[in-house]
Amino acid sequence: MHQIHLKAPNNWINDPNGFIYYKGQYHLFYQYFPYAPQWGTMHWGHAVSDDLVNWEHCGIALYPTKWADRNGCFSGSAVELDGKMYVFYTGVRYLEVDPENIHKPFNEQFEPTQMMITSEDGFHFDNWNEKHAIIPPIENIAIGNRIHTRDPKVWRGKNGWYLILGSSLECKQGQVLLYRSSDLTHWEYAGKAMNEALPGWGWECPDYFESDGTGILLFSAMGMEEPVGESQSHSLCCTASFDEESCRMSLSDQYQLVDYGKDLYAPQTTTDAQGRRVMVAWLRMPHPTEEGWIGMFTAPRVVEYRDGHIYFRLHPSIRQALQKPIDCASQADAGIYCIRTALHDGEELKIGGYRIYRADGRLYADRSALGEDSEGHQMVSQTPPVQDGYEIEVIVDKNVVEIFANDGEFVITHVVYELEPQVTASKGVELQMYTTDSMEG
Ligand code: FRU
């Protein structure tokens with residue numbers, strides 16, 4: 001079945017984890033609370049895909065079994081070595097438990113240990129015998145905050161392996177910690193990177209990679225806006241230079257939002273079968289759907305650095321899956337379709353009550369007519385001034401609208417609940433619409 005946007009199988013999901021192209025398939029794990037549609041003791045759910053378009057859920061891969069991860073297996077990543085999958089994650093142990101909800105810590109008192117588990121095939125994980133602690137909780141507060149250090153992302157360098165952690169300096173400034181290893185098992189602390197010009201009192205889910213020879217850091221910054229709360233946390237990206245020998249990383253002062261809809265959080269990348277840098281991210285939802293699940297992922301996007309700008313382009317496999325022309329949205333296969341058009345200042349496109357328009361050189365998206373006004377769920381979003389042209393590509397699925405300006409110059413993604421399949425546009429705006437070919441599924 002087409003699942004361009006991977007959704008929670010039931011109950012709650014958040015961050016994508018362990019995203020990897022491994023033995024001919026894409027594996028995508030995710031933060032999963034299997035008992036209720038709310039955040040709680042974290043497991044790793046697991047899904048696989050041959051093509052990044054059709055996903056199959058495969059149940060639970062990781063779950064608490066050890067003292068260090070007794071209260072949850074937090075976010076992390078996966079790499080391949082000699083045919084084995086090596087998975088890195090943050091094991092969490094609560095120091096104080098909420099007496100009314102044992103799935104949550106009290107007063108934010110928990111202890112993170114960085115852990116590793118290997119699998120021979122990417123499907124079987126021996127949670128009892130194969131887990132190892134690789135980095136103990138931070139002792140030295142000059143290095144980082146003991147509680148808020150997590151989410152190992154590992155990559156292969158020219159002469160060894162590197163691991164980056166999201167962290168905080170004294171709960172005031174976001175930062176990343178860097179480690180290195182020659183065997184994926186023994187890790188040594190090798191330094192840290194921060195830049196006071198970048199926002200957030202703490203950073204989560206860092207991801208470092210190169211695009212066209214330029215280093216890029218993705219990170220999710222907690223508490224970017226006042227008043228500080230969960231919804232004031234957003235995913236950012238900046239250029240970064242990293243020297244493997246010295247393990248020095250320096251971060252640019254300038255940043256972009258990964259997505260201007262601000263529902264997106266905790267993106268993670270890997271390389272696809274063609275070597276492109278492909279990203280997926282969690283879409284935060286204000287409440288569960290009628291079917292009782294909450295949390296979904298973006299369509300895969302290709303991250304590319306070009307002429308001083310970081311682009312988030314719709315992955316070509318999605319465009320390829322959406323090539324059956326239709327005349328109106330009600331003809332869409334399983335409610336999934338894409339709209340291609342161009343919008344100039346003063347012009348708009350409407351999908352049911354959802355408005356996409358261009359004014360003062362920016363792209364806007366307004367979901368206020370759909371209701372669902374809840375805290376931290378931004379009703380009207382806007383991009384910075386658009387430079388590359390007027391092209392718009394919109395992907396519409398049952399609970400999400402993704403709007404790509406000029407092949408990923410900027411993206412606005414909005415979670416939606418009720419969207420009438422009725423597409424209209426200002427006079428003179430030409431639309432092309434495509435859906436998936438149901439014979440493929
Ligand atoms: C980001 C995050 C990560 C953590 C995980 C816990 O959304 O807070 O930092 O590992 O979620 O579910």
Side-chain angles (χ1 to χ4, degrees), residues 8 11-19 28-45 60-64 68-78 87-94 98 101 103-105 108-116 135 137-138 144-154 163-168 171 174-177 200-207 217-224 228-236 258-259 262-269 279-285 294-298 376 415:
N11 294 315
W12 169 277
I13 66 172
N14 53 289
D15 316 355
N17 297 153
F19 189 24
L28 183 57
F29 302 85
Y30 48 84
Q31 293 284 281
Y32 182 36
F33 184 61
Y35 307 141
Q38 63 187 45
W39 189 90
T41 304
M42 279 294 137
H43 298 52
W44 275 35
I60 293 172
L62 305 188
Y63 51 90
D69 72 6
R70 61 180 291 177
N71 296 109
C73 302
F74 274 23
S75 288
S77 58
V87 166
F88 300 84
Y89 68 100
T90 302
V92 165
R93 181 169 76 84
Y94 297 162
D98 181 343
N101 176 357
H103 295 288
K104 280 194 164 171
E108 285 226 313
Q109 288 304 306
F110 60 89
E111 187 177 78
T113 302
Q114 313 313 323
M115 319 261 295
M116 179 182 84
I135 302 171
I138 308 283
N145 179 269
R146 189 175 169 91
I147 297 172
H148 293 291
T149 296
R150 54 180 171 267
D151 309 336
K153 178 79 179 20
V154 175
L163 181 153
I164 191 166
L165 290 176
S167 183
S168 168
C171 288
Q175 59 171 6
V176 290
L177 305 184
W201 62 262
W203 295 350
E204 311 181 283
C205 302
D207 191 346
L217 183 72
L218 306 185
F219 58 100
S220 294
M222 294 184 284
M224 277 184 59
V228 171
E230 208 152 305
S231 55
Q232 280 74 30
S233 303
H234 301 299
S235 296
L236 311 177
V258 172
D259 189 291
K262 296 189 175 175
D263 289 349
L264 178 150
Y265 201 64
Q268 189 174 87
T269 72
M279 178 192 93
V280 289
W282 170 37
L283 294 173
R284 297 180 282 203
M285 298 172 73
I294 177 163
M296 61 192 299
F297 297 128
T298 60
V415 165

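Remember, it's 1-based here, ligands and their atoms both numbered in the order they're listed.
Side-chain polar atoms of N71 and T41 form no donor-acceptor pair below 3.5 angstrom. S167 and Q175 form a side-chain donor-acceptor contact under 3.5 Å, judged by distance and modelled atom types alone. Looking only at atom types and distance, the side chain of H148 has no donor-acceptor partner in the side chain of E204 under 3.5 Å away. Donor-acceptor pairing under 3.5 Å is recorded for the side chains of Y89 and D69.
The ligand atoms of ligand 1 that sit less than 4.0 angstrom from a heavy atom of W282 are 7 (O). With ligand atoms numbered from 1 in the order given, ligand 1 contributes 3 (C), 4 (C), 9 (O), 10 (O) to contacts under 4.0 Å with heavy atoms of R150. Applying the 4.0 Å criterion to heavy atoms of M42 picks out, from ligand 1, the atoms 12 (O). Every atom of ligand 1 is numbered from 1 in the order shown, and the set under 4.0 Å from a heavy atom of S75 is 5 (C), 10 (O).
In this structure, atom 8 (O) of ligand 1 lies nearest to the protein heavy atom E204 OE2, 2.7 Å. Residue, atom and distance of the protein heavy atom nearest to atom 12 (O) of ligand 1 are Q31 OE1, 2.7 Å. The protein non-hydrogen atom at the shortest distance from atom 1 (C) of ligand 1 is D15 OD2, 3.0 Å. In this structure, the protein non-hydrogen atom closest to atom 10 (O) of ligand 1 is D151 OD1, 2.6 Å.
In summary, the aromatic rings of W39 and H103 are positioned with their centroids too far apart to meet the 6.0 Å limit.
Between Y265 and ligand 1, not a single N/O pair is under 3.5 Å apart.
Neither the backbone nor the side chain of T90 has a heavy atom within less than 4.0 Å of ligand 1.
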(request) Begin from the C-alpha positions of W203 and F219 and carry the test ring-ring contact (aromatic ring centres under 6.0 Å, His included) through to its verdict. (result) CA-CA 6 Å; W203 295 350; F219 58 100; 4.1 Å; yes
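Scanning all heavy atoms of the two residues, the minimum distance from F19 to Q268 falls at N-OE1, 2.9 Å.
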